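Take a look at the structure set out below.
It should be emphasised that the depicted structure is a prediction, and the values quoted were computed from it without experimental measurement.
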Amino acid sequence: MPAGSFSKDPAVDRALRHSVRDGMAFSVQVGAGETYFSAFALFLRATAPQVALLTTLPPLLGSLAQIVSAWLGGYVGRKRVVLAGCVLQALLWVPILLVPVMFGEHAVIALLVLLALYCSANNLATPQWTSIMRDLVSERRRGRYFGHRTQVTTISTFVALVIAGVLLHELDTSGMTYRGFVLIFLVALV
């Protein structure tokens, strides 16, 4: 889209363009990383009930961070809360990918705790990010802007998911499954 498509104000237009790129990066994180949490749990020899717990409990516990976000945003500012949540979420990829090395037989429990923290970090940032975006995107342009952003992010998620799946499959076939998870989780971290 040409410059000025999202706003007549150059600073706002630039911020909204950055938000589209940010959305693409987040979508790669989801497609190349989050999508494979259950597969990683199975690699760690999690049972079916443990996998069910890993996919349901972290988002439930993480949603409590939205309450903290609302309170914290009033004290330290929206931007700081968003940055803190995003940095924490990114840094959590390191212990997540090291779970088998660091926790051995307790890897599934450690993964559960780490995923709860990961979801909490995301839910800490999301309400404040949404508030910032509401201020940036005029009501008249919201549908067009978020329609474009959603289109780009959906394509990014799908491409990342497919590429990560192919990489993981190839490395698994070669007997290097853990290296495959490390690779795709490093992509998600970046």
Derivation and outcome, side chain to side chain donor-acceptor pair (under 3.5 Å), residues S63 and N123
CA-CA 6 Å; S63 66; N123 282 312; 5.8 Å; no

Between C86 and W129, is the side-chain contact (heavy atoms from CB on, under 4.5 Å) condition met? List the steps.
CA-CA 10 Å; C86 292; W129 178 86; over 6 Å; no

Dump the intermediate steps for ring-ring contact (aromatic ring centres under 6.0 Å, His included) on F181 and Y36, then the final yes or no.
CA-CA 8 Å; F181 281 112; Y36 293 97; 7.3 Å; no

Run the numbers on F103 and L111 for side-chain contact (heavy atoms from CB on, under 4.5 Å), then give the verdict.
CA-CA 9 Å; F103 298 100; L111 184 62; over 6 Å; no

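Checked against V137 for a side-chain contact (heavy atoms from CB on, under 4.5 Å), the options R134, M133, E139 give a single hit: M133.
Between R149 and D22 there is a salt bridge, since at least one side-chain N of the basic residue sits less than 4.0 Å from a carboxylate O of the acidic one.
Across all non-hydrogen atoms, the minimal contact from L61 to A116 is CD1-CB, 4.2 Å. The two residues G85 and A125 make their nearest non-hydrogen contact at CA-CB, 4.1 Å.
Residues D172 and F43 form no side-chain contact, since every pair of their non-hydrogen atoms from C-beta on lies 4.5 Å or further apart. No side-chain heavy atom of L124 sits under 4.5 Å from any side-chain heavy atom of L88. R179 has its side chain out of reach of L183: every pair of non-hydrogen atoms, C-beta onward, lies at least 4.5 Å apart. The side-chain heavy atoms of P49 and L53, taken from C-beta on, include no pair separated by under 4.5 Å.
T55 OG1 to Q50 CD: the interatomic distance, rounded to the nearest 0.5 Å, is 12.0 Å. Once rounded to the nearest 0.5 Å, the distance linking NE2 of H18 with CG of L136 reads 11.5 Å. Interatomic distance, CG of L98 versus CZ of F185, reported as 11.5 Å (0.5 Å rounding). Note that the CG atom of L54 and the CG atom of L42 stand 9.5 Å from one another [nearest 0.5 Å].
Note: the hydrophobic cluster containing L57 also contains I96 (ILVMFWY, side chain heavy atoms under 4.5 Å, direct or indirect links). Under the 4.5 Å side-chain contact rule for hydrophobic residues, M102 and L91 do not share a cluster. Grouping the Ile, Leu, Val, Met, Phe, Trp and Tyr side chains by contacts below 4.5 angstrom, directly or via other members, places L186 with Y118.
Using cut-offs of 30° and 60° on the angle between ring planes, the pair Y178 and F40 is parallel.
At least one donor-acceptor pair under 3.5 Å links the side chain of Q128 to the backbone N or O of S69. For the pair T153 (side chain) and T150 (backbone), a donor-acceptor distance under 3.5 Å is present.
The number of heavy atoms from other shown groups lying within 6.0 Å of CZ (R14) does not exceed 12.
There is no side-chain donor-acceptor pair under 3.5 Å between Y145 and S138.
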